[in-house]
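Notes follow once the structure below has been shown.
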Amino acid sequence: MKSNIVMPDVPEGPIPRHIAIVMDGNGRWAQKRGLPRYRGHIQGASILEDVVNAAIHFGVERLTLYCFSNENWKRPEEELNALMALLKEYMIEQRPTFMKSNVRLRVIGRRDRLPVETLREMDETIRLTASNSGLTLALAINYGARQEIVDAVRRIVGEMLDPEKRDAALKTAGVDSAEKLVDENLIAKRLYDGDAPDPDLFIRTGGEQRLSNYLLWQLSYAELWFTDVLWPDFTPEILKEGIIAFQRRHRRFGGLNKNDSDLR
Ligand code: FPP
């Protein structure tokens, strides 16, 4: 649901190209109100449009949102059913908005165990928005970062065991053994969203300070920012706070900044 909020502006400065968010705290939001946990997910889904619009407004190019992890299958059936239904509805309801806002939808994660109707609507929205050129919204659904790395390694091994693919790759790379083909670049390319730039900023709501098996490869150099706000209470203003925190950080990527000698 879109609200009529006035979008705040962020101060001049670097804007993270890619923000990854763990939307934590839905269950607690509901429990605090004496509601079943799934009502927190419904509320959490209802603020997504404002968050996506805020990201567009701030000039962010990509948002990756953790919607459902590989481990979430352990949750009670009522909550799982509600989440799967919510994901399906979201894929249908948001189509006109994505088209109007030029948003391209991507989904990262494993397809197994997801209900066929959820997959069908998801695939349709991905197909429909594929040529949109504005913000890319990547939803992590049935996702786990270790599983993603396992899947990337499986793909690479499969390619190496296929003589035609292996020989073509050896020729393109100009090397003489399969081992030499495997480097950081190849592994990164075989991740689910292999063309995406790494996230610059990681945000987790709900007060916990963990990565929870999220984008472990891609977050290597991300700035981490945590807020106690529960996801259903998240607003564009809080996204702005996260971006301001990012602007105050000195990103060094393991090297030194120009003025670092002054800091020590
Ligand atoms: C964590 O909160 C959140 C999730 C497991 C699901 C996140 C899903 C949504 C925001 C809505 C669905 C998304 C779409 C795109 C329709 P929690 O339940 O673990 O919270 P708790 O820590 O308070 O228990």
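None of the values given here were measured: they were computed from a predicted structure. The chain is numbered in sequence order, starting from 1. Just follow the structure's listing: the first ligand is 1, and inside any ligand the first atom is 1.
Given atom 3 (C) of ligand 1, the protein heavy atom at minimum distance is Met23 O, 3.2 Å. When hydrogens are left out, the protein atom nearest atom 10 (C) of ligand 1 is Asn26 ND2, 3.4 Å; that is the closest non-hydrogen contact. Looking from atom 16 (C) of ligand 1 to the surrounding protein, the closest heavy atom is Tyr90 CB, 3.6 Å. Ranking the protein heavy atoms by distance from atom 12 (C) of ligand 1 puts Leu86 CD2, 4.0 Å first.
Neither the backbone nor the side chain of Trp29 comes within 4.0 Å of ligand 1, counting heavy atoms alone. Contacts between Leu48 and ligand 1, counted as non-hydrogen atom pairs separated by less than 4.0 Å, involve the side chain only. Residue contacts with ligand 1, taken as heavy atom pairs separated by less than 4.0 Å, do not involve Gln94 at all. Counting heavy atoms closer than 4.0 Å to ligand 1, residue Arg37 contributes side-chain atoms (C-beta onward) but none from N, CA, C or O.
Between Tyr66 and Tyr214, the ring planes are parallel. Angles under 30° get that label, and only those over 60° would be called perpendicular.
Checked against a 3.5 angstrom limit, the closest N/O atoms of Cys67 and ligand 1 fall outside it. Considering backbone and side-chain N/O atoms, Leu87 never comes within less than 3.5 Å of an N/O atom of ligand 1. Remark: ligand 1 and Asp24 share an N or O pair separated by less than 3.5 Å (distance only, no angle test).
Assignment of Gly206 to the shell around ligand 1 is not supported, since no heavy atom sits closer than 4.0 Å. The shell of residues lying under 4.0 angstrom from ligand 1, judged by heavy atoms, includes Arg75.
Asn26 and Pro232 make their closest contact through OD1-CD, 3.3 Å (heavy atoms, listed as atom of the first residue, atom of the second, distance).
One finds the CE atom of Met99 at 7.5 Å from the OG atom of Ser131 (value rounded to the nearest 0.5 Å).
Applying the side-chain hydrogen bond (donor to acceptor under 3.5 Å, both in side chains) definition to pairs two or more places apart or across chains, those involving residues 230-244 are Trp29-Asp233.
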message: Evaluate Glu117 against Lys88 for salt bridge (charged side-chain N to carboxylate O under 4.0 Å, His left out), listing each step before the verdict.
response: CA-CA 7 Å; Glu117 322 83 70; Lys88 187 183 102 182; 5.1 Å; no

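Within 6.0 Å of atom CZ in Arg166, more than 12 heavy atoms from other residues, nucleotides or ligands are found, so the atom counts as buried in its surroundings.
Which parts of ligand 1 touch Trp231 is read off a 4.0 Å heavy-atom cut-off, strictly below it: atoms 10 (C). Every atom of ligand 1 is numbered from 1 in the order shown, and the set under 4.0 Å from a heavy atom of Asn72 is 5 (C).
With Glu148 contributing its side chain and Tyr192 its backbone, the two residues share a donor-acceptor pair below 3.5 Å. Between the side chain of Thr205 and the main chain of Asp24, a donor-acceptor pair closer than 3.5 Å is present. Side chain of Arg33 to main chain of Gly40: no donor-acceptor pair is present (N/O by atom type, distance under 3.5 Å, no hydrogens or angles).
Remark: among candidates Met84, His41, Arg28, Glu93, the nearest residue to atom 11 (C) of ligand 1 is His41, based on non-hydrogen atoms.
Ion pairing between Arg111 and Asp123 holds under the 4.0 Å rule for side-chain N and carboxylate O.
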